[in-house]
Amino acid sequence: MAKDYYAILGVGREATPDEIKRAYRKLARQYHPDVNSEPDAQDRFKEINAAYEVLSDPQKRQMVDMGADPLAPGGGGPGPGGPGGPFVGFQDIMDAFFGGAAGGASRGPRPRTRPGSDALIRLDLDLEETAFGIEAPLTVDTAAVCETCHGEGTAPGTHPATCDMCGGSGEVQSVQRTFLGQVMTTRPCGNCQGFGTVIPNPCPTCGGDGRVQTRRTVTVKIPAGIEDGMRIRLAGQGEVGPGGGPPGDLYVEIHERSHDVFSRKGEDLHCRVVLPMTAAALGTQMTLKSLDGEENVEVKPGTQPGATIKIKSKGVPRLRGGGRGDLFVHLDVKTPTRLDAEQEKLLKELSKLRGEETIEPARPGGGFFSRMRDAFNGHA
Ligand SMILES: [Zn+2]
Ligand SMILES: [Zn+2]
């Protein structure tokens with residue numbers, strides 16, 4: 001008994017070739033052994049292919065309609081890949097997976113108008129500017145829509161013409177013979193670069209690109225507390241795309257110039273002050289220029305080298321969350337190197353008064369050097 005090929009594809013006897021093709025593609029996608037791991041998928045897939053081979057061929061379909069089976073031994077001769085073979089209608093299988101009517105991965109003409117790319121520019125700022133924010137004018141060199149052709153790329157009064165080579169599809173097909181039989185491949189048309197149209201009279205201003213390199217000024221608002229290396233995004237201020245396509249974004253990368261006095265760590269500022277030995281011993285008042293103006297800083301008597309004074313909330317404003325970092329003043333103590341006779345005499349007197357004429361090494365178990373010695377002698 002002849003197989004019911006119509007039932008295999010799930011179509012009626014009056015189905016049009018288009019309906020048969022659609023039904024076949026749907027089933028081929030569903031039962032292809034690469035995507036369906038059910039044990040009977042392969043058999044089902046062969047069956048679907050056989051049914052399509054028969055019903056897509058008007059002659060074979062006629063035989064079926066007369067009650068014969070064109071694939072049965074002696075029924076009507078084998079198909080291109082043998083009866084029910086896996087490569088029946090190879091191109092149709094390709095179509096089932098990749099779509100397209102003529103073959104291959106057909107995509108149609110690509111649009112002349114494409115989105116533009118992002119642009120990046122660098123902005124050098126001083127610490128005062130990154131700390132408190134600023135509105136900075138930026139000179140930006142990017143592509144903008146061509147004013148002559150408004151992005152179309154054609155000379156005034158002319159229009160793009162359909163490409164002769166591909167007939168407007170943007171692609172050309174070629175047939176290759178492979179061990180699977182003939183395979184149709186598709187590639188972008190070389191004459192129109194895949195656009196499907198050519199521009200016979202390019203715009204004299206932009207040469208057909210639809211955009212021109214332009215210099216303009218953009219004002220960027222720098223928020224207080226921004227840090228070196230951060231980027232600000234200005235949406236839609238980047239390059240206009242080919243054919244006047246929508247612009248990308250403009251990124252402004254912040255570079256903070258190094259400051260004469262302060263070094264910045266996040267929201268905190270650090271600076272270094274060198275004190276004369278006498279001031280460190282006696283204590284003093286000093287005036288320090290912070291980002292906000294003059295600060296009176298008190299140095300306590302007996303300040304040691306390496307001591308730090310913290311001035312609260314005189315650092316950089318926090319970018320998020322409010323408040324400010326602190327200012328840290330690192331103190332160095334300078335020992336005088338050139339003493340005149342009178343200074344030397346005074347210091348010797350001081351030394352005598354303080355009983356500092358002879359220096360004792362640190363006591364065992366005390367300082368760093370005694371611990372070193374113990375380590376060397378194995379007492380550690
Ligand atoms: Zn073309
Ligand atoms: Zn133009």
Side-chain angles (χ1 to χ4, degrees), residues 18 21-22 25 89-121 137-178 180-220 233-252:
D18 241 28
K21 193 170 205 163
R22 268 203 301 278
R25 285 185 181 181
F90 180 79
Q91 193 54 54
D92 288 312
I93 296 174
M94 298 287 283
D95 286 351
F97 281 88
F98 301 110
S106 177
R107 270 159 272 117
R110 62 187 181 116
R112 279 193 182 275
T113 302
R114 277 174 291 142
S117 43
D118 296 337
L120 173 70
I121 58 172
L138 287 178
T139 304
V140 186
D141 289 305
T142 55
V145 178
C146 172
E147 304 258 324
T148 308
C149 64
H150 306 288
E152 212 185 5
T154 49
T158 70
H159 293 286
T162 302
C163 173
D164 290 337
M165 188 96 81
C166 63
S169 70
E171 32 191 40
V172 285
Q173 278 138 11
S174 57
V175 176
Q176 287 178 306
R177 286 187 184 279
T178 74
L180 298 175
Q182 290 189 345
V183 175
M184 193 98 84
T185 56
T186 305
R187 55 192 164 74
C189 171
N191 188 45
C192 62
Q193 283 80 46
F195 294 128
T197 55
V198 289
I199 294 179
N201 302 298
C203 167
T205 309
C206 64
D209 191 38
R211 48 185 188 161
V212 283
Q213 204 67 19
T214 322
R215 171 165 291 193
R216 67 210 155 93
T217 304
V218 175
T219 304
V220 59
R233 189 176 75 115
L234 300 177
Q237 298 278 12
E239 302 263 335
V240 160
D249 298 331
L250 174 66
Y251 288 88
V252 181

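Numbering of ligands and ligand atoms starts at 1, following listing order.
Protein contacts to the Zn ion (ligand 1) involving N, O or S atoms at a distance below 2.8 Å are Cys163 SG, Cys166 SG, Cys189 SG, Cys192 SG.
Contacts classified as side-chain hydrogen bond (donor to acceptor under 3.5 Å, both in side chains) and involving residues 151-163 (residues at least two apart or in different chains) are given here: Glu152-Thr154.
Of the candidates Glu239, Gln213, Arg216, Thr142 forms a side-chain hydrogen bond (donor to acceptor under 3.5 Å, both in side chains) with just one, namely Arg216.
Checking His150 against the Zn ion (ligand 2), every N/O/S atom stays at or beyond the 2.8 Å cut-off.
Judged by distance alone, with hydrogens and angles left aside, the side-chain atoms of Asp249 form a donor-acceptor pair with the main-chain N or O of Gly236 at under 3.5 Å. With Arg211 contributing its side chain and Val240 its backbone, the two residues share a donor-acceptor pair below 3.5 Å. Checked by atom type and distance alone, the side chain of Thr214 pairs as donor or acceptor with a backbone atom of Val212 at under 3.5 Å.
In the displayed structure, Glu147 atom CD is contacted under 6.0 Å by at most 12 heavy atoms of other residues, nucleotides or ligands.
In plain terms, the two heavy atoms of Cys166 and Cys192 that are nearest each other are SG-SG, 3.7 Å.
In this structure, SG of Cys146 and SG of Cys203 enclose an angle of 110° at the Zn ion (ligand 2), rounded to 10°. The Zn ion (ligand 2) is the vertex of the angle joining SG of Cys149 and SG of Cys206, which measures 100° to the nearest 10°.
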